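In what follows, a structure is listed as structure tokens, so that the remarks can point back to it.
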Amino acid sequence: MKKYASLIVLIIMSVFIISNCNTAKKSTATVAPPVPVALSYAANIKSVVAATCAPCHIPAEGGNKKALDTYDALKANIDDVVRRIELQPTDRGFMPMKHPRLGIDTIEVFKQWRDAGMAE
């Protein structure tokens, strides 16, 4: 008889806990929408290009590929750059060649900068 009483108590407690763990409950606190960050070439993109595209795309460092070391050069080629950094390392045209794939956050910075109008 004790086994059944313990089992019933356990079931009741489980139902109570599960019913209070509903993720659909609304929070009474108001959350401010995220403030979009203003991205610019000088503040957000230039350092990533220097770190991940050198020396191949930086002529001053001996690179012999398409130059991406200036705002104008990157702006003119941004769609191709984004397409290529989104590829997998095994795909033809992947960048940065012979290096690990850029992180998702870094790729998103390039995409957001492009979509926001590519501020200098």
Side-chain angles (χ1 to χ4, degrees):
M1 191 66 165
K2 277 188 167 184
K3 286 183 182 178
Y4 294 117
S6 297
L7 184 60
I8 291 172
V9 170
L10 182 63
I11 291 172
I12 291 172
M13 287 177 55
S14 298
V15 169
F16 178 74
I17 291 171
I18 291 172
S19 67
N20 286 319
C21 291
N22 188 352
T23 59
K25 291 185 179 182
K26 302 275 185 202
S27 173
T28 57
T30 58
V31 178
V35 177
V37 178
L39 298 174
S40 71
Y41 173 79
N44 306 98
I45 304 296
K46 186 176 182 177
S47 61
V48 176
V49 170
T52 60
C53 303
C56 302
H57 294 282
I58 313 293
E61 294 184 22
N64 59 0
K65 303 291 182 194
K66 183 182 291 187
L68 298 175
D69 59 337
T70 65
Y71 167 77
D72 291 327
L74 188 61
K75 182 178 177 183
N77 294 288
I78 190 64
D79 289 328
D80 189 46
V81 170
V82 169
R83 182 188 65 78
R84 293 179 73 178
I85 63 176
E86 286 184 310
L87 294 173
Q88 295 301 317
T90 55
D91 295 336
R92 184 180 174 146
F94 166 78
M95 284 193 335
M97 189 173 169
K98 298 181 184 177
H99 294 284
R101 187 171 191 252
L102 299 179
I104 298 298
D105 293 341
T106 304
I107 294 171
E108 282 301 312
V109 168
F110 276 89
K111 290 167 67 176
Q112 288 174 3
W113 177 67
R114 176 193 63 193
D115 296 345
M118 297 176 281
E120 192 169 2

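Being a predicted model, the structure only gives us computed values, none of them experimental.
- The minimum heavy-atom distance between Ala73 and Asn77, with the atom names listed, is O-ND2, 2.8 Å.
- Nearest heavy-atom pair, Ala54 versus Glu61, reported as atom, atom and distance to 0.1 Å: CB-OE1, 3.1 Å.
- In this structure, the separation between SG on Cys53 and NZ on Lys65 is 13.0 Å, given to the nearest 0.5 Å.
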Steps toward side chain to side chain contact (heavy atoms under 4.5 Å, CB included) verdict (Trp113, Val48): CA-CA 13 Å; Trp113 177 67; Val48 176; over 6 Å; no

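- The line from CD of Glu86 to CD of Glu108 is 7.5 Å long, rounded to the nearest 0.5 Å.
- When side chains are defined from C-beta on, Gln112 does not count as touching Asp115, because their heavy atoms never get closer than 4.5 Å.
- Cluster membership for Val49 and Phe94, using ILVMFWY side-chain heavy atoms within less than 4.5 angstrom, is not shared.
- In this structure, Ile45 and Val109 have side chains that are in contact, with non-hydrogen atoms separated by less than 4.5 Å.
- Proximity of a side-chain donor or acceptor of Tyr71 to a complementary backbone N or O of Lys46 within less than 3.5 Å is not detected.
- Of the inter-residue distances, the one linking Lys66 atom NZ with Cys56 atom SG reads 14.0 Å to the nearest 0.5 angstrom.
- Salt-bridge check for Asp72 with Lys75: failed, with every basic side-chain N at 4.0 Å or more from each acidic carboxylate O.
- Counting heavy atoms from C-beta outward, Arg101 and Ile107 have side chains that approach closer than 4.5 Å.
- Side-chain N or O atoms of Asp91 include one that pairs as donor or acceptor with a backbone N or O of Gln88 at under 3.5 Å.
- One hydrophobic cluster holds both Ile58 and Ile78 under the rule that ILVMFWY side chains link at heavy-atom gaps under 4.5 Å.
- With values rounded to the nearest 0.5 angstrom, Leu68 atom CG is found 9.5 Å from Thr52 atom OG1.
- The shortest side-chain heavy-atom distance between Leu74 and Val81 falls under the 4.5 Å cut-off.
- Closest approach of Gly93 and Leu87 over heavy atoms only: C-CD1, 3.6 Å.
- For the atom pair CZ (Phe110) and CE (Met118), the distance works out to 12.5 Å, reported to the nearest 0.5 Å.
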